[in-house]
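Structure record follows, encoded as structure tokens.
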Amino acid sequence: MDEGRAALYAAIIGFVAAVIGTAVGGWASWRAARHSADAALRATMEQLSGQAVNERRHWVRQERRAAYASVIDAYMNLTRNAALLRSGLGGDTTETYLRQAELGVACKKLALFGPDSVEEAASELLRRADDRVRRPSEAGVSASVGAAFSDFLTACKEALSRDNERDA
């Protein structure tokens with residue numbers, strides 16, 4: 001074989017090798033880029049999903065706090081009005097019943113946001129407050145509503161503490 005042919009064969013083999021190398025390299029680069037893009041997409045989706053969960057938890061916690069505060073406000077308004085009525089310094093029966101109804105509505109709203117322990121404590125508070133309004137002079141009624149209110153506050157604190165621990 002002469003040198004010209006050997007150079008031609010070498011050039012053809014070199015060209016074919018270069019084309020194959022380029023094709024294999026391009027394919028490998030494409031696969032790597034696709035893998036990276038898929039990994040980035042999965043990471044972004046996980047981040048968005050986690051963020052959505054955190055946002056929802058934050059919203060629920062805010063709504064719970066607002067619902068708990070509305071029960072506390074309604075209870076305090078009822079207690080104040082009932083005390084004025086009982087002492088003869090003011091207040092009126094209609095106003096007391098309106099405050100009692102406000103407490104009932106506030107307690108029922110807790111069913112939307114839970115947890116069950118707070119809802120149960122609120123139901124007991126409402127029951128005891130009803131007793132206080134209906135039987136204001138009966139011994140022990142005032143103490144039992146105070147204990148029910150304390151139990152409600154404890155249940156709220158525990159629920160909010162659990163929410164905070166879950167988010168930490």
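Judged by distance alone, with hydrogens and angles left aside, the side-chain atoms of T154 form a donor-acceptor pair with the main-chain N or O of S150 at under 3.5 Å. Using modelled atom types, one side-chain atom of T22 and one backbone atom of A18 make a donor-acceptor pair closer than 3.5 Å. Side chain of R64 to backbone of F113: a donor-acceptor contact under 3.5 angstrom is found.
Among all heavy-atom pairs drawn from R128 and S144, the shortest one is NH1-CB, 3.3 Å. Nearest heavy-atom pair, S117 versus A155, reported as atom, atom and distance to 0.1 Å: O-CB, 4.0 Å. For the residue pair L126 and C107, the shortest heavy atom distance occurs at CB-SG, 4.1 Å. L110 and A67 get closest at one heavy-atom pair: CD2-CB, 3.5 Å. Summarising the geometry of L78 relative to A129, their closest heavy-atom pair is CD2-CB, 3.8 Å, with the distance given to 0.1 Å.
Looking at heavy atoms from C-beta onward, E120 lies out of side-chain contact with E124 at the 4.5 angstrom threshold. R127 has its side chain out of reach of D130: every pair of non-hydrogen atoms, C-beta onward, lies at least 4.5 Å apart.
The line from CG of L98 to CG of L103 is 13.0 Å long, rounded to the nearest 0.5 Å. Taking CZ of R34 as the reference point, atom OG of S36 lies at 12.0 Å (rounded to 0.5 Å). Between the CG atom in N81 and the CD atom in Q100 there is a gap of 11.0 Å [rounded to 0.5 Å]. Atom CD1 of residue I72 and atom SG of residue C156 lie 5.5 Å apart, to the nearest 0.5 angstrom. Rounded to the nearest 0.5 Å, atoms CG (L84) and OG1 (T96) are 8.5 Å apart. Note: Q51 CD to T44 OG1 = 11.0 Å, rounded to the nearest 0.5 Å.
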Derivation of the side chain to side chain contact (heavy atoms under 4.5 Å, CB included) call for E119 and D116:
CA-CA 5 Å; E119 187 180 351; D116 291 341; 4.0 Å; yes

What do the steps show when you test E95 against R99 for salt bridge (charged side-chain N to carboxylate O under 4.0 Å, His left out), and what is the final call?
CA-CA 6 Å; E95 184 71 21; R99 298 293 174 231; 2.5 Å; yes

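Put simply, V16 and V24 are part of the same group of oily side chains (I, L, V, M, F, W, Y) that touch within less than 4.5 Å, one to the next. A single hydrophobic cluster is not seen to contain both V53 and W59; linkage of ILVMFWY side chains at heavy-atom distances under 4.5 Å, directly or through other members, places them apart. Hydrophobic clustering places V71 together with M76 (ILVMFWY residues linked when any side-chain heavy atoms are closer than 4.5 Å, directly or through intermediates). V118 and L112 are not part of a single hydrophobic cluster, where members link through side-chain heavy atoms under 4.5 Å apart. Side-chain heavy atoms closer than 4.5 Å link hydrophobic residues (I, L, V, M, F, W, Y) into clusters, and following such links, even through other members, never connects V105 to F149.
Taking the six-membered ring where tryptophan is involved, the planes of F152 and Y68 are perpendicular, since the angle between them exceeds 60° and thus also 30°.
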